[in-house]
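Since the structure comes first, as structure tokens, the remarks are kept for the end.
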2 protein chains.
Amino acid sequence: MAQGTSGKEAATSTLWDRTRQLAAQEILQTALRLFTQQGYDETTIAQIAREAGVSQRTLFRYFGTKEDLIGGSEEQFVTLVTETVRNQPADAGAWEVLRAAFEAALSLHTSREEALERFRLVHDTDSLRATYLRKRARCQEELLPLLEPRLTPPGTDRGQARAIVATAFACFDAATATWLEGKGQGDILDLYDQGLAAVRG
Amino acid sequence: MAQGTSGKEAATSTLWDRTRQLAAQEILQTALRLFTQQGYDETTIAQIAREAGVSQRTLFRYFGTKEDLIGGSEEQFVTLVTETVRNQPADAGAWEVLRAAFEAALSLHTSREEALERFRLVHDTDSLRATYLRKRARCQEELLPLLEPRLTPPGTDRGQARAIVATAFACFDAATATWLEGKGQGDILDLYDQGLAAVRG
DNA sequence: GCCCATCTGTCAGTCGCTGCCAAACTCCAT
DNA sequence: ATGGAGTTTGGCAGCGACTGACAGATGGGC
């Protein structure tokens with residue numbers, strides 16, 4: 001497909017999978033480059049496929065959706081959040097657990113610059129923002145049963161649990177929005193704490 | 001286009017506009033009927049246009065997007081919320097004002113059944129849910145400057161204001177979700193109060 | 001009745017996305 | 001290494017949402 005790989009060190013899996021992974025990476029990098037260069041909506045699948053050296057059909061087999069080309073990180077985000085919550089000590093409260101999950105999720109990004117770029121792309125592109133919000137909503141629903149046993153007043157019902165989770169995510173979103181507005185100044189988690197403090201008096 | 005209107009009482013505007021409005025209503029009713037009958041994604045624009053007696057092109061001239069066929073109510077929702085907030089007494093606090101806005105928005109629905117049906121459609125259809133969330137986000141941003149002078153601790157900054165607005169909407173969403181889960185039992189506003197109480201408790 | 005403005009339908013085209021089929025490829029057994 | 005089995009790939013045709021352009025119909029003002 002692309003250049004022949006001269007090196008042939010032993011790999012964990014078959015040569016096929018390695019090629020596959022390489023192709024996926026190539027597609028992803030091309031897509032991200034074009035998105036940041038000329039915008040998401042202005043970049044067509046055809047162009048990405050052409051520049052990545054694959055057919056449109058193959059591209060859609062790797063990533064089922066155009067949004068998936070940038071949404072992979074969101075998928076990671078969701079997975080990491082739920083996983084972190086699951087692995088938290090049993091005596092930790094709901095708010096505490098959620099904060100830890102956000103902290104873990106934020107540590108995914110390699111650099112401030114990369115995080116800023118990606119956040120801005122999602123924040124400014126309507127369709128991407130919509131997809132993110134959708135995934136976030138699903139994540140909240142998944143978190144619900146995990147958090148119910150951690151709620152401090154035992155009389156708390158499902159509806160209230162939902163409100164708590166929704167609030168945590170809302171404050172996280174507000175924090176990232178403010179962080180973006182300030183061009184990446186300060187720490188998102190600090191902004192999250194400040195926002196939550198304002199809410200909970 | 002459709003049947004000739006035999007009645008010709010004096011109207012506020014020209015006959016043209018009246019015809020226009022009638023056609024729009026016809027399209028809207030047809031769309032809503034088909035959506036609830038066979039689902040949103042399973043209903044094509046072509047089908048709506050055919051059954052409403054207009055061309056696809058005309059349909060798109062009336063409603064720029066398929067989502068607009070059901071999103072009109074959301075547009076109303078957003079408008080009413082911001083307008084209510086704007087007309088609130090100057091000494092009312094942010095939380096108070098937001099609650100009043102939600103209450104006003106909920107009074108839009110004619111009946112519990114209709115509200116239930118529409119909420120469920122938006123809640124269960126991914127694309128519609130995404131569009132609703134997008135509009136909600138824009139609404140939050142518009143509300144921000146209106147609420148900043150109403151925040152009780154004067155040292156509250158923009159980031160914290162954003163968190164408060166986001167939390168209010170999050171709790172409202174949680175309330176509607178819980179309301180839907182309970183098949184419309186109880187009052188959404190009560191659920192909202194309970195959720196917020198759990199958050200701010 | 002006539003002209004102008006507006007609206008409407010038709011047509012063609014773009015873009016995201018999917019099903020289908022034949023060719024190319026990797027892998028394994030012989 | 002050779003053949004067969006299972007995957008993967010690319011090209012093609014097609015669907016559905018949506019848009020621009022053009023020609024024709026329609027209402028309003030004279």
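On a predicted model such as this, the values are computed, not experimentally measured, just so you know. Per chain, numbering begins at 1; letters A, B, ... match sequence-line order.
We find that CD1 of A:Ile45 is positioned 17 Å from P of C:dT14, with the value rounded to whole Å. One can place CG of A:Leu22 at 18 Å from P of C:dC25, the figure rounded to the nearest angstrom. The separation between A:Leu69 atom CG and C:dC15 atom P is 16 Å, rounded to whole Å. Between the P atom of C:dC17 and the CG atom of B:Asp126 lies a distance of 14 Å, rounded to the nearest Å. Spacing between atom CD1 of B:Ile48 and atom P of D:dC18 amounts to 10 Å, rounded to whole angstrom units. A:Glu26 places its CD atom 17 Å from the C1' atom of D:dT9, with the value rounded to the nearest Å. In this structure, CD of A:Gln47 is placed 15 Å from P of C:dT14, rounded to the nearest angstrom. Spacing between atom CD of A:Gln56 and atom P of C:dG19 amounts to 16 Å, rounded to whole angstrom units.
Nucleic acid contact for B:Thr43: sugar-phosphate only, since backbone atoms but no base atoms lie under 4.0 Å from a heavy atom of the residue.
Using modelled atom types and a 3.5 Å distance limit, the side chains of A:Arg33 and A:Gln29 yield no donor-acceptor pair. In summary, the side chains of B:Glu67 and B:Thr131 do present a donor paired with an acceptor at a separation below 3.5 Å, with no hydrogens or angles considered.
When each of B:Ser55 and A:Thr65 is assigned the nucleotide of DNA chain C with its nearest heavy atom, B:Ser55 is the one assigned upstream, toward the 5' end. Between A:Gly64 and B:Leu59, the residue whose closest nucleotide on DNA chain C is further toward the 5' end is B:Leu59.
Checking side-chain atoms of A:Gln160 against main-chain N and O of B:Gln194 turns up a donor-acceptor pair under 3.5 Å. B:Arg200 places a side-chain N or O within donor-acceptor distance of the main-chain N or O of A:Val199, the cut-off being under 3.5 Å.
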Distances under 3.5 Å between nitrogen or oxygen atoms of protein and nucleotides 20-24 of chain D:
from: D:dG20; atom 1: N7; to: B:Arg57; atom 2: NE; distance (Å): 3.4
from: D:dG20; atom 1: N7; to: B:Arg57; atom 2: NH2; distance (Å): 3.0
from: D:dG20; atom 1: O6; to: B:Arg57; atom 2: NE; distance (Å): 2.8

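Residue A:Phe60 places its side chain closer to C:dT18 than to any other of D:dA17, C:dT18, C:dT10. Relative to the side chain of A:Lys66, the nucleotides D:dC18, C:dT10, C:dC17 differ in distance, and C:dC17 lies closest.
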- Task: Give the C-alpha distance, both sets of side-chain angles, the deciding distance and a yes or no for side chain to side chain contact (heavy atoms under 4.5 Å, CB included) between B:Trp95 and B:Thr167.
- Result: CA-CA 10 Å; B:Trp95 293 107; B:Thr167 296; 4.0 Å; yes
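Considering A:Thr43, A:Leu128, A:Asp41 as possible partners of A:Phe35, the one that fulfils the side-chain contact (heavy atoms from CB on, under 4.5 Å) test is A:Thr43.
For the OP1/OP2 pair of C:dT8 and a distance below 4.0 Å, the side-chain nitrogens and oxygens of B:Tyr62 include at least one atom meeting the criterion.
A:Glu26 approaches A:Ala52 most closely through the heavy-atom pair CG-O, 3.8 Å.
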